[in-house]
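Keep in mind that this is a model prediction, so the values were computed, not measured.
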Amino acid sequence: MAKITLSNDCLTVGVSTFGAEIISVKKGGKERMWQGDAVWDRCAPVLFPICGGLRDGAFVLDGKSYPIPKHGFAKDMEFELENADKTHAVLLLKANSETLKIYPFLFELRVRFVLIDDKIEIKYEVKNADLKQMYFSVGGHESYACKGGIEHFSVIFEKDEPLNASVVAGVLLSGKTVQIPQKGGVLELKNGYFKDDALVFCNLKSRKVTLKNNLSGEETVVWFDGFDYLLLWTVPNEEFLCIEPWCGISDFADCNTDLAHKKGIVSLAPGETSTKTHTIQF
């Protein structure tokens with residue numbers, strides 16, 4: 001495991017080769033990312049080849065069951081540093097004998113980080129290096145520091161729209177929704193919203209959200225065009241909020257577990273590459 005440091009006149013960013021995970025973002029010397037504690041010790045895991053949980057902890061492909069952990073395995077694997085300079089880094093994970101046991105595809109996952117002024121562009125490039133159709137999900141799980149607790153913060157949606165959150169049942173989705181109160185596109189955060197896990201939004205029109213400190217006015221903006229799902233998550237009374245753009249979603253409680261028919265799954269032909277990008281502005 002190694003730490004890569006990217007920097008420009010606005011930001012200093014630390015990225016670990018373990019999991020291709022952002023572990024620090026400083027602006028003006030102030031840390032803007034959650035630094036972890038005994039309750040949750042991660043900062044920004046990369047989710048691949050699934051996002052969320054699976055019914056019975058496994059998927060089925062061609063009649064065979066493959067157990068795979070929640071959010072996949074990339075977050076817990078060492079990536080190769082393919083190239084880097086002062087403001088740019090590319091980390092690479094390839095299929096190996098261990099991944100093939102639980103995910104039977106030859107793949108290449110590149111996570112590309114680029115600093116542009118006060119923004120970080122995070123690009124997921126997934127290549128199907130196999131001779132058969134490949135199915136995957138990919139997503140981000142960045143956690144932003146919320147000093148004093150999330151109830152001093154709000155999330156501002158790009159569009160004033162109903163916030164219909166899918167009801168979480170364990171690691172699955174129940175198929176039911178509940179409307180989360182908002183006014184003018186502004187969601188005032190409450191610890192109680194997260195007592196059962198995340199707020200899962202499957203049908204947003206917004207392609208941008210802003211995390212705002214209501215006391216200081218400080219803002220963090222997340223653009224997620226090209227990602228069908230957005231999740232907000234924290235542990236009640238902790239001082240962080242995760243804003244998570246996902247291409248893929250947890251299984252529904254009544255699904256049939258066939259990976260090829262999983263809701264939100266991305267299908268990729270042999271030799272093709274899928275690219276998904278989200279951008280964070282501090």
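Residue K263 qualifies as open at atom NZ: its count of foreign heavy atoms under 6.0 Å is 12 or below. Summarising the local packing, CG of D62 is surrounded by 12 or fewer heavy atoms from other residues, nucleotides or ligands at distances under 6.0 Å. Counted within 6.0 Å of CG on N203, heavy atoms from surrounding residues, nucleotides or ligands total 12 or fewer; the atom is thus considered open. Summarising the local packing, NZ of K119 is surrounded by more than 12 heavy atoms from other residues, nucleotides or ligands at distances under 6.0 Å. Residue N96 qualifies as enclosed at atom CG: its count of foreign heavy atoms under 6.0 Å is above 12.
No donor-acceptor pair closer than 3.5 Å links the side chain of D56 to the backbone N or O of A58. Checking side-chain atoms of D251 against main-chain N and O of R55 turns up a donor-acceptor pair under 3.5 Å. Of the possible donor and acceptor atoms, one in the side chain of E31 sits under 3.5 Å from a partner among the backbone N and O of M33. Between the side chain of T17 and the backbone N or O of A2 there is at least one donor-acceptor pair closer than 3.5 Å. The main-chain N or O of R42 is never found under 3.5 Å from a side-chain atom of Q35 such that the two would form a donor-acceptor pair. Between the side chain of S250 and the main chain of G53, a donor-acceptor pair closer than 3.5 Å is present. Looking only at distances, a side-chain donor or acceptor of N8 sits under 3.5 Å from a matching main-chain atom of D117. Under the 3.5 Å distance criterion, the side-chain polar atoms of R32 are left unmatched by any main-chain donor or acceptor of F282.
Atom NZ of K94 sits about 10.5 Å away from atom CG of L106, to the nearest 0.5 Å. To the nearest 0.5 Å, the span separating OG1 on T210 from CD on E219 amounts to 5.5 Å. Here the CD atom belonging to E218 is positioned 10.0 Å from the SG atom belonging to C146, to the nearest 0.5 angstrom. Put simply, OG1 on T279 and CD1 on I116 are 7.0 Å apart, with the number rounded to the nearest 0.5 Å. Separation of atoms CD1 (I4) and CG (D85) is listed at 11.5 Å; rounding is to 0.5 Å. Distance check, rounded to the nearest 0.5 Å: OG1 of T234 to CZ of F153 gives 11.0 Å.
I180 and I249 are members of different hydrophobic clusters when ILVMFWY side chains are connected at heavy-atom separations under 4.5 Å. In the hydrophobic clustering of ILVMFWY residues, with side-chain heavy atoms under 4.5 Å counting as a link, I122 and I243 come out together. Put simply, Y193 and Y229 are part of two different groups of oily side chains (I, L, V, M, F, W, Y) that touch within less than 4.5 Å, one to the next. Under the 4.5 Å side-chain heavy-atom criterion for Ile, Leu, Val, Met, Phe, Trp and Tyr, V200 and I265 are members of distinct hydrophobic clusters. Tracing side-chain contacts under 4.5 Å through hydrophobic residues (I, L, V, M, F, W, Y), one never reaches Y66 starting from L100; they form parts of separate clusters.
Between the side chains of E121 and T277, not a single donor N or O lies within less than 3.5 Å of an accepting N or O. A donor atom on one side chain and an acceptor atom on the other are not found under 3.5 Å apart for E125 and T275. Side chain to side chain, N214 and S154 meet the donor-acceptor criterion of an N or O pair below 3.5 Å.
A heavy-atom distance below 4.5 Å is found between the side chains of L232 and L187. Between R112 and H88 there is a side-chain heavy-atom pair separated by less than 4.5 Å. A heavy-atom distance below 4.5 Å is found between the side chains of F194 and L241. In this structure, the side chains of V168 and L173 come closer than 4.5 Å at one or more pairs of heavy atoms. Looking only at side-chain heavy atoms (C-beta outward), F201 and L163 come within less than 4.5 Å of each other. Using a 4.5 Å heavy-atom cutoff, the side chains of K262 and L54 are in contact. Side-chain contact between F113 and V13: absent, with no pair of heavy atoms (C-beta onward) separated by less than 4.5 Å. Using a 4.5 Å heavy-atom threshold, the side chains of P49 and T99 count as separate.
When all heavy atoms of E21 and P45 are compared, the pair lying nearest together is OE2-N, 3.7 Å. For the residue pair L61 and P104, the shortest heavy atom distance occurs at CD2-CG, 3.8 Å. Between V222 and P245, the shortest heavy-atom distance links the atoms CG1-CG, 4.4 Å. Taking all atoms of both residues into account, the shortest heavy-atom contact from A89 to L81 is CB-CD1, 4.5 Å. Scanning all heavy atoms of the two residues, the minimum distance from S137 to C247 falls at CB-O, 3.0 Å. The two residues T87 and S7 have their closest heavy-atom pair at CG2-O, 3.3 Å.
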Run K75 and V46 through side-chain contact (heavy atoms from CB on, under 4.5 Å) and show every step you take.
CA-CA 5 Å; K75 59 185 173 54; V46 172; 5.6 Å; no

Could you go step by step and tell me if N128 and Q133 meet the side-chain hydrogen bond (donor to acceptor under 3.5 Å, both in side chains) rule?
CA-CA 8 Å; N128 182 356; Q133 201 76 9; 5.7 Å; no

Derivation and outcome, side-chain contact (heavy atoms from CB on, under 4.5 Å), residues K159 and S206
CA-CA 5 Å; K159 299 182 184 298; S206 296; 3.6 Å; yes

Under the side-chain contact (heavy atoms from CB on, under 4.5 Å) criterion, do E151 and K190 qualify, and how do the steps go?
CA-CA 5 Å; E151 296 197 352; K190 304 292 182 186; 4.1 Å; yes

side-chain contact (heavy atoms from CB on, under 4.5 Å) evaluation trace for E239 with W34:
CA-CA 8 Å; E239 294 185 321; W34 172 244; 4.2 Å; yes

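Aromatic rings from H71 and W233 are positioned such that their centres are separated by 6.0 Å or more. For F107 and F48, the ring centers sit closer than 6.0 Å to each other.
With respect to H141, the ring-ring contact (aromatic ring centres under 6.0 Å, His included) criterion is satisfied by exactly one of W40, F240, W246: W40.
Under the 30°/60° scheme for interplanar angles, the aromatic rings of F227 and H278 are found to stand perpendicular.
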